[in-house]
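Presented below is the structure to which this report refers.
Note that the structure is predicted; figures quoted are calculated from it, not measured. Convention: sequence-line order gives letters A, B, ...; per-chain numbering from 1.
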Amino acid sequence: MQRFDPAGIEAKWQAAWEAGQVFAARRDPAKPKYYVLEMFPYPSGRIHMGHVRNYTMGDVVARYKAAQGFSVLHPMGWDAFGMPAENAAMERGGHPRDWTYGNIADMRAQMKPLGLSIDWTREFATCDPEYYGQQQAMFIDMLEAGLVYRKNAVVNWDPVDMTVLANEQVIDGKGWRSGAEVERRELTQWFFRISDYSEELLEALDGLHNWPEKVRLMQRNWIGKSRGLQVAFSTVGAPDGFDRLEVYTTRPDTLMGASFAAISPDHPLARHLERHNPAVAEFVAECRRIGTSEEALEKAEKRGLDTGIRVRHPFDNAWELPVYIANFILMDYGTGAIFGCPAHDQRDLDFARKYDLPHPDVFVAVEGGQPVEAEAFVPPKTEPVRYIRGFAGDEVQTGEAAVDAAIAFCEANGVGQGVTNYRLRDWGISRQRYWGCPIPVVHCDTCGVVPEKKENLPIELPYDVSFDQPGNPLDRHPTWRACACPACGQPARRETDTMDTFVDSSWYYARFTSPHADTPTDPAEADYWMNVDQYIGGIEHAILHLLYSRFFARAMHRTGHLPAKAIEPFDALFTQGMVTHEIYYQDVSVAQVGNQAMPAGTTRRFYFFPEQVEQAQTGGFVEKGSNLPVQVIPAQKMSKSKKNVVDPVNIIRDFGADTARWFILSDSPPERDVEWTAAGAEAAFKHLTRVWRLASELAEGDAPAGPGDAALLKAMHRAIHEVTEAIDGFAFNKAIAKLYELTNTLSKADAGAEAKRQVMRTLAQLMTPMVPHLAEEIWAMLGGEGLVTQATWPKADPAMLVEDEVVLPIQINGKRRSEISVPRDMGTAEVEKLVLADDTVVRVLAGSAPKKLIVVPGRIVNVVI
RNA sequence: GUCCGUGUGGCGGAAUGGUAGACGCAUCGGCUUUAGGUGCCGACGCCGCAAGGCGUGUGGGUUCGAAUCCCAUCACGGACACCA
């Protein structure tokens, strides 16, 4: 007999699919459509197991929907702009464009052997001028629609490299290359008015029923709608023009517990003081060294500087509070100024302790008033508390009601007004980098900032740039900046900032519907294919990418590039877990590092790739060859620096794509992390080999009927039902478990060859979404018609799914002690009679009657004694 | 620090208010094979000779009944706006 030969089988069937153009998406008004999309990859150069997992899941859905009669769109492209290409150019020479397109070619070649049902004719990269030219056109439309504007914003500035740093490039407040202390610097930048859509983006979340609840919750918190009070404090001893300080608070009920006010280092008052007071200048400069990320600000030690300025409490002119500049106040949230209530806010309390400020209580717990000691008393907003310094005397209220009352009271007394505030900030898209989509505007001395004419698009990146010095090569280019003003025709200069790569990925899903149209989208195509019916990707994109895409779809609708139904572009979202692997290492003692002697006991850690180690007889792992033991760290996300990576190319070479697909789907639920293990991959291969062998044997057998035909067919219908249900519910691991069961049942069945062949063909159909090559091979072996890829999904016969007898477990006080077998539809009274006659029940009751007898028909019985 | 998740045998997991551990891996026993890191058959949560008891991170609660719902707590992971 022949051997199972995945390499031969896979090449053969991929060629057959290609020849039949089986995966070309066709607009067919007679059919329902289904658009499956996986988050497109960044072309780093190699595919990794995370890609294999993501695209295999999408492929299961795409193939399953096609079998159910949908006209399926399943495209692939490349998120191709970004910093790694520039870093590669700086480190190894070469050009970002060559590096990127080279990587795309490599990755496409690595991906194709997976046998994904992708329509490759729609492929594009975001760095194709054809793509980013349309993006520039939309930028101009958005500018004209008032969705784009310029304002000053802070960036991380590396004073040695003289370049802007991404947050990722700031490590412990220092530039990653230069090691210099990072400064904050203000630049004029381009922004999208996403905050205009705060309320709409928030409300529309309620309609996204097929998104994970956790993602909707994260977006809700990110948008951060809050109702609060904006209140003006009058100042004492402030410079001219600063006689009032506007403060925003979400807890106006604690206004009577104020003990200080604090402003952001970027607040106009701080800016003013900075110019006139060296102590303030020094402190503010120190604050700016923390960087721009919210995370860094929150984690930094809370510090403040007393400005000497005082503000009067709005309810008591004689009550003065000191004004601090504090490093933890964000200029972008509220008014950039707060009042501190240490008694009821932990951060304020820490601050008050540090600077020896009072902390008067406003409320106490209803039962047993608790004084503020080590911790601030912060009850949830819904818990009632007794106000001891409220606006209306002693009263018991929840925080929520007290906030409303406080706002009403302040408004009535002319002290401030209730305002709704959002945490969501406008989207800054300017990047001072080369490898991105040029922002299509022109700076003219006469006309100011003018959008480029659409007929001049795309504004293409120049190829002749150098990366031998830091900063944006577009700024240094000898000729690229020079252009004519689109308004007056006089000599003018191009904008040299490029767009955030998140812009590129905010509309690629729409472009896939008409990838080569000479407008951003083709209305007929977009109308047919949108929305994405199922979007699949990593949870790390839960907020930014998905929120930006939701905004961008609305902007595209407003500028006429998408139909109204597409303003929520992703009908269903699935967030997959990561692929992890154990880490192998040895700690080796070293006497010296470089030419420096190290103290005794100093060790260096060396990591090993999985293929460099093997399991020893003792159960531990050893390095191949040397047989020296290696230590093992439990599985973590695959990462090159820890060498816990497995190259999909090697797995496909050794076992075939079907094995890689089968294993990565089988071992964990899709939303959770999956650990790649060599043993698991081998087991998957063995199972597929077994299925193939079973099919080969059946292909040759004769066809007498057998006594077990009926039972086998019943098992088949049950499997059809269960596998279909599991795939619908994105439970691919369960679908595979059911396929194992059917395989086992089939191989042991006491049935005739004809029935077995029928079940094997159905098994092949059910396996098609996961292991399409093996399924085609079996289908062909057993005389299936055409390609199994194009066969209609099998249907379970409902009559075959019902069991006549059911086993009812009998619990005694909730613990299972016995069971009875009864006809499926037996009445409760009769079941009770049988239960009370059960040996175990009789013995335990010992003559007395049960306190209660609960019968859940068809499920369970509980006897309470 | 803030927001959001996850936690079940030796391991991945199944069961989402009703028999905890489906299915797979590992392990152990048996059979086949010239041989096998092959194939097939069987056992397999923990304690216990057994009867039986215990058991879903930890502590409490709701319920006839809790892995599942609620409260608290611990551990691990993701996001934090210029990584993609």
Side-chain angles (χ1 to χ4, degrees), chain A residues 39-42 44 79 81-84 153 155-156 164-170 189 194 212-215 217-222 224 292-300 302 328 332 346-347 423-433 500-502 504-505 538-545 547-548 575 577-578 580 619 634-637 663 666-669 671-675 677 679-680 682-684 686-687 689-690 693 731 733-734 736-741 744 747 807-819 850-854 856 859-865:
Chain A
M39 291 180 184
F40 66 164
Y42 177 79
S44 60
D79 188 13
F81 277 133
M83 290 197 301
V155 294
N156 297 306
V164 177
L165 296 178
N167 283 338
E168 186 192 51
Q169 300 171 315
V170 180
Q189 310 208 54
I194 187 172
E213 182 51 38
K214 64 176 170 185
V215 173
L217 191 56
M218 279 192 266
Q219 293 219 351
R220 226 169 258 140
N221 290 332
W222 188 260
T292 59
S293 85
E294 199 165 303
E295 183 191 4
L297 293 180
E298 289 282 352
K299 281 187 180 162
K302 307 294 178 285
F328 57 90
D332 291 312
Q346 189 59 46
R347 191 175 59 183
R423 207 183 74 98
L424 181 64
R425 311 199 290 257
D426 277 336
W427 174 12
I429 59 154
S430 292
R431 298 292 181 270
Q432 296 69 41
R433 295 180 209 295
D500 180 7
T501 56
F502 271 120
D504 313 335
S505 56
I539 183 68
E540 68 274 18
H541 296 292
I543 297 176
L544 291 179
H545 162 62
L547 192 61
Y548 289 152
T575 55
M578 298 178 302
T580 67
Q636 289 179 20
K637 179 175 182 164
F663 175 63
S666 69
D667 235 32
S668 289
E671 68 277 12
R672 262 203 245 170
D673 291 353
V674 62
E675 182 182 343
T677 62
E682 273 163 37
K686 275 185 202 170
H687 177 73
T689 305
R690 188 166 160 248
R693 198 183 327 112
N733 57 325
K734 281 190 257 174
I736 285 181
K738 298 300 175 190
L739 291 169
Y740 269 106
E741 278 181 21
N744 291 338
S747 74
V807 173
L808 282 189
I810 300 177
Q811 294 183 326
I812 294 174
N813 287 342
K815 286 262 173 201
R816 182 184 172 283
R817 299 293 293 272
S818 185
E819 63 183 32
K851 269 192 211 152
K852 213 171 181 180
L853 192 55
I854 291 154
V856 184
R859 302 220 60 164
I860 203 165
V861 179
N862 193 7
V863 184
V864 186
I865 57 171

Notebook entry, point to check: Tell me, for nucleotides 71-84 of chain B in 5' to 3' order, what letter each nucleotide earns: B for a base near a protein heavy atom under 4.0 Å, S for only sugar-phosphate near one, - for neither?
Noted result: -------SSBBBBB
Notebook entry, point to check: After noting the C-alpha distance and the side-chain angles of Thr501(A) and Tyr42(A), does the key distance pass the side chain to side chain contact (heavy atoms under 4.5 Å, CB included) rule?
Noted result: CA-CA 11 Å; Thr501(A) 56; Tyr42(A) 177 79; over 6 Å; no
Margin query: Nearest 0.5 Å, please: how far is CD1 in Ile736(A) from CD in Glu741(A)?
Written below: 13.0 Å
Note to self: If I take atom CZ in residue Arg817(A) and atom C1' in nucleotide rG53(B), what distance separates them, rounded to the nearest angstrom?
What the structure shows: 11 Å
Item checked: Whole-Å distance separating the CG atom of Asp667(A) from the P atom of rA14(B) -> 11 Å
Next item on the list: Report the residue (Val674(A) or Ser747(A)) whose heavy-atom-nearest nucleotide on RNA chain B is the more 5′ of the two.
Entry: Val674(A)
Checklist line | Base versus backbone protein contacts along nucleotides 60-70 of chain B [heavy-atom cut-off under 4.0 Å; B, S, -] | finding: ----BS-----
Next item on the list: To the nearest 0.5 angstrom, please state how far the CG atom of Leu547(A) sits from the CD1 atom of Ile194(A).
Entry: 4.5 Å
Next item on the list: Nearest 0.5 Å please: distance from the CG atom of Asp426(A) over to the CG atom of Asp332(A).
Entry: 9.5 Å
Check: Can you tell me how far CG of Asn813(A) sits from NZ of Lys852(A), rounded to the nearest 0.5 angstrom?
Finding: 11.5 Å
Margin query: At less than 4.0 Å, is any side-chain N or O atom of Arg672(A) found next to OP1 or OP2 of rU6(B)? Yes or no.
Written below: no
Check: Hey, are the side chains of Arg423(A) and Trp222(A) touching, using non-hydrogen atoms and a 4.5 Å cut-off?
Finding: yes
Note to self: Taking ring pair (Phe, Tyr, Trp, His ring centres under 6.0 Å) as the definition, give me every residue that meets it alongside His541(A), ordered by chain and number, with sequence neighbours left out.
What the structure shows: His545(A)
Notebook entry, point to check: Rounding to a whole Å, what distance do you find between Gln219(A):CD and rC4(B):C1'?
Noted result: 12 Å
Check: Can you tell me how far the CG atom of Leu739(A) sits from the NE2 atom of His687(A), to the nearest 0.5 Å?
Finding: 7.5 Å
Next item on the list: Check RNA chain B for consecutive Watson-Crick or G-U pairs with both distances under 3.5 Å and list the runs of at least three as stems.
Entry: B:1-7 with B:74-80, B:10-12 with B:23-25, B:27-31 with B:39-43, B:45-47 with B:52-54, B:57-61 with B:69-73
Margin query: Working to the nearest 0.5 angstrom, can you tell me the gap between Gln432(A) CD and Gln189(A) CD?
Written below: 5.0 Å
Note to self: Between C1' on rC3(B) and CD on Glu213(A), what's the gap in Å once rounded to a whole number?
What the structure shows: 14 Å
Check: Is rG59(B) in the syn or the anti form, by the rule that syn lies within 90° of 0?
Finding: anti
Notebook entry, point to check: What is the per-nucleotide protein-contact pattern of nucleotides 25-30 of chain B, from the 5' end, where B denotes a base atom under 4.0 Å from a protein heavy atom, S denotes such proximity for sugar-phosphate atoms only, and - denotes neither?
Noted result: S-----
Check: So what does Ser666(A) hit on the nucleic acid, given a heavy-atom distance under 4.0 Å: a base, only sugar-phosphate, or nothing?
Finding: nothing
Note to self: Could you work out, with side-chain hydrogen bond (donor to acceptor under 3.5 Å, both in side chains) as the rule, every residue matching Arg433(A), not counting sequence neighbours?
What the structure shows: none
Next item on the list: Under 4.0 Å between any heavy atoms, over every strand shown, what does Lys734(A) touch: base, sugar-phosphate, or nothing? Just pick one.
Entry: sugar-phosphate
Checklist line | Distance in angstrom units between Ile860(A) CD1 and rG17(B) P, rounded | finding: 14 Å
Next item on the list: Show your reasoning for whether salt bridge (Lys or Arg N to Asp or Glu O under 4.0 Å) applies to Glu671(A) and Lys214(A).
Entry: CA-CA 12 Å; Glu671(A) 68 277 12; Lys214(A) 64 176 170 185; over 6 Å; no
Next item on the list: Quickly work out the Asn221(A) CG to rC3(B) C1' distance and round it to whole Å.
Entry: 6 Å
Notebook entry, point to check: Given side chains that start at C-beta, do those of Val215(A) and Ile539(A) come closer than 4.5 Å, heavy atoms only?
Noted result: yes
